2 protein chains.
Amino acid sequence: MSKTSQPKRKTERSLKHNHGACIETALSRAEQRCAEEGERFTGLRRQVLELVWAEHKPAKAYDLLKKLSDIRSGVAPTTVYRTLDFLQERGLVHKIESLNAYVGCSQPNAEHSGHFLICEACSEIKEIENSKISAWLESAAQDEEFKIKTETVELSGLCIRCQPS
Amino acid sequence: MSKTSQPKRKTERSLKHNHGACIETALSRAEQRCAEEGERFTGLRRQVLELVWAEHKPAKAYDLLKKLSDIRSGVAPTTVYRTLDFLQERGLVHKIESLNAYVGCSQPNAEHSGHFLICEACSEIKEIENSKISAWLESAAQDEEFKIKTETVELSGLCIRCQPS
DNA sequence: CGATGATAGTTATAATATAACACTTCAACT
DNA sequence: AGTTGAAGTGTTATATTATAACTATCATCG
């Protein structure tokens, strides 16, 4: 019997959505996406992605390393970084540059840079899907005749739940 | 005679502006800004800022450390990071999160997060002063009722000079 | 002058990330 | 089924980035 077979303690988030299902969705999308691209969604890749998705908070590489070590042997930093690189290249996770951490992406079908709202109080990260943002930034870049390839947009502050009322 | 006393080789950039003057301007603005705030613009702080401004490219902390060691003794990582922190807090330099590097800020008067265009080919960084960007991002955040405190906006790609014609 | 707080020096270590090479596995082909 | 080549993973070592904790020095002000 695995440790995860029990009814598990609830987090704030789990009160609001079925996070188990949330993870499942992410994993099956990832599987599908890899299949489409002829990439293998191996046990290692699945485990790492599952750990990244364990919370809706940024996961640090070395924290993933520790957790991964609990479920398999022969895990080194390389293991984690290589796998994160793979997942990133397929758009399955994003790196949050300002935190040196990683979050799962729920729109793995699109080749997109993510845009993030990062709550400084509760650490929760929300990826915003506002197609206008890229258009705006491109227009700003166009003023300088600059050709954007990747966008790093990380907005830190307070989410609605953490704002003083 | 210092090495820098000679007519020096021209870089692409030096053909376009008098970079010596560019540094001088940055330094005197910094001096003024510190004076306004009752902060001391010490020799160390001046030297670090000068090194950051040496090029219009991102400066890595440990590169600054090496260069700083050439002009003073007792320089450790702490020295550099502490000084960069000081300069950052006063808006005199910005950290480029996606590169773990620092650039000088030419608008040290404003409390602003910078928005950057980063050329992947020539490494040149341009800080864009487009007041619309913050307004746009704030409106996007507002849709989620998120209160932005700091914006990390780093757009990587190709500057006009590095684009294939 | 002497107390005080800011600045800088010193030593050690933590945290993040990559390089280089060896071994294993899988799938495609014969 | 056996061969083989590329992809995946393991292993070891090291590079890079950043901070902690404590001490010494300096500038200012009473």
Side-chain angles (χ1 to χ4, degrees), chain A residues 30-31 33-52 58-90 92-103 123 152 154, chain B residues 30-31 33-52 58-90 92-103 123 152 154:
Chain A
E31 193 163 7
R33 176 127 174 79
C34 284
E36 283 164 12
E37 299 197 345
E39 299 287 355
R40 291 168 52 204
F41 192 56
T42 64
L44 175 61
R45 288 165 181 174
R46 167 179 292 270
Q47 287 172 333
V48 170
L49 186 57
E50 203 166 349
L51 289 172
V52 169
K60 310 280 279 179
Y62 275 73
D63 290 342
L64 293 172
L65 171 55
K66 282 188 214 102
K67 291 180 185 166
L68 192 58
S69 299
D70 291 342
I71 55 178
R72 52 188 297 141
S73 61
V75 178
T78 318
T79 315
V80 174
Y81 283 106
R82 240 181 342 213
T83 307
L84 287 171
D85 284 349
F86 172 89
L87 296 171
Q88 254 188 285
E89 282 160 12
R90 269 92 208 153
L92 300 170
V93 304
H94 290 292
K95 180 172 187 185
I96 305 298
E97 298 288 352
S98 57
L99 297 175
N100 294 322
Y102 301 80
V103 292
S123 299
T152 298
E154 301 171 6
Chain B
E31 193 163 6
R33 178 126 173 80
C34 285
E36 284 163 14
E37 298 198 346
E39 299 285 357
R40 292 168 53 204
F41 192 55
T42 63
L44 175 62
R45 288 166 181 174
R46 168 179 292 272
Q47 286 172 334
V48 171
L49 186 58
E50 204 166 349
L51 289 172
V52 170
K60 310 280 277 180
Y62 275 73
D63 290 342
L64 293 171
L65 171 56
K66 281 188 214 103
K67 291 180 186 166
L68 193 58
S69 299
D70 291 342
I71 56 178
R72 52 189 295 142
S73 62
V75 179
T78 316
T79 315
V80 173
Y81 283 107
R82 238 180 344 212
T83 308
L84 287 171
D85 285 349
F86 171 89
L87 296 171
Q88 254 189 285
E89 281 160 13
R90 268 94 208 151
L92 300 170
V93 304
H94 290 294
K95 180 172 187 185
I96 305 298
E97 298 288 353
S98 58
L99 297 175
N100 295 320
Y102 302 81
V103 292
S123 299
T152 299
E154 300 172 8

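Values below: every heavy atom of this structure, side chains too, minus hydrogens, waters and symmetry copies. Quick caveat, the model's predicted, so the values are computed rather than measured. In the text below, chain A, chain B and the rest are named by the order of the sequence lines, each starting its count at 1.
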Measure across [X] and [Y] and return the closest heavy-atom pair with its distance rounded to 0.1 Å.
{"X": "A:Thr152", "Y": "B:Ser98", "answer": "OG1-CB, 4.3 Å"}
{"X": "A:Glu154", "Y": "A:Glu97", "answer": "OE2-N, 2.7 Å"}
{"X": "A:Ala59", "Y": "A:Val52", "answer": "CB-CA, 4.4 Å"}
{"X": "B:Pro58", "Y": "B:Ser123", "answer": "CD-O, 3.3 Å"}
{"X": "A:Cys34", "Y": "A:Leu92", "answer": "SG-CD1, 4.3 Å"}
{"X": "B:Arg40", "Y": "B:Phe86", "answer": "O-CZ, 4.0 Å"}

Note: A:Asp70-A:Lys67 ion pair, threshold 4.0 Å (strictly below):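 Looking at A:Asp70 and A:Lys67, the cut-off is not met.
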Closest-nucleotide 5' rank along DNA chain C - winner of B:Arg40 and A:Lys95: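 Result of the comparison: B:Arg40.
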Trace of the side chain to side chain contact (heavy atoms under 4.5 Å, CB included) decision for A:Val103 with A:Lys95: CA-CA 7 Å; A:Val103 292; A:Lys95 180 172 187 185; over 6 Å; no
Pairs satisfying side-chain hydrogen bond (donor to acceptor under 3.5 Å, both in side chains), at least one member in residues 71-86 of chain B, at least two apart: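 side-chain hydrogen bond (donor to acceptor under 3.5 Å, both in side chains) check on residues 71-86 of chain B returns B:Gln47-B:Arg72.
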Straight-line distance of A:Arg33 CZ to A:Leu87 CG, nearest 0.5 Å: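 Those atoms lie 11.5 Å apart.
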Contact list for DNA chain D against residues 43-51 of chain A - heavy-atom distance below 4.0 Å: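 A:Leu44, A:Arg45 - these, ordered by number, are the residues of the stretch whose heavy atoms sit under 4.0 Å from the strand.
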DNA chain C contacts among residues 77-85 of chain B, heavy-atom distance under 4.0 Å: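 Output list: B:Thr78, B:Thr79, B:Arg82.
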Qualifying residue for side-chain contact (heavy atoms from CB on, under 4.5 Å) with B:Leu51, from B:Leu64, B:Val80, B:Leu65: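 With B:Leu51 as partner, side-chain contact (heavy atoms from CB on, under 4.5 Å) holds for just one option, B:Leu64.
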Chain A contact limits on DNA chain C, taken 5' to 3' with a cut-off of 4.0 angstrom to heavy atoms: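 Extent of the interface on DNA chain C: C:dT16 to C:dC26.
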pair A:Leu49-A:Phe41: side-chain heavy atoms closer than 4.5 Å: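 They are in contact (side-chain heavy atoms under 4.5 Å apart), so the answer is yes.
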Contact interval (first through last nucleotide) of DNA chain D with protein chain A, 4.0 Å heavy-atom: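 In short, chain A contacts DNA chain D from D:dG8 to D:dT12.
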Which residues share a salt bridge (Lys or Arg N to Asp or Glu O under 4.0 Å) with B:Glu31, sequence neighbours left out: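 Listed in chain order: B:Arg46.
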Which residue lies more 5' along DNA chain D, comparing A:Phe86 with B:Tyr62 via nearest heavy atoms: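 Taking each residue's closest nucleotide, the earlier one in sequence belongs to A:Phe86.
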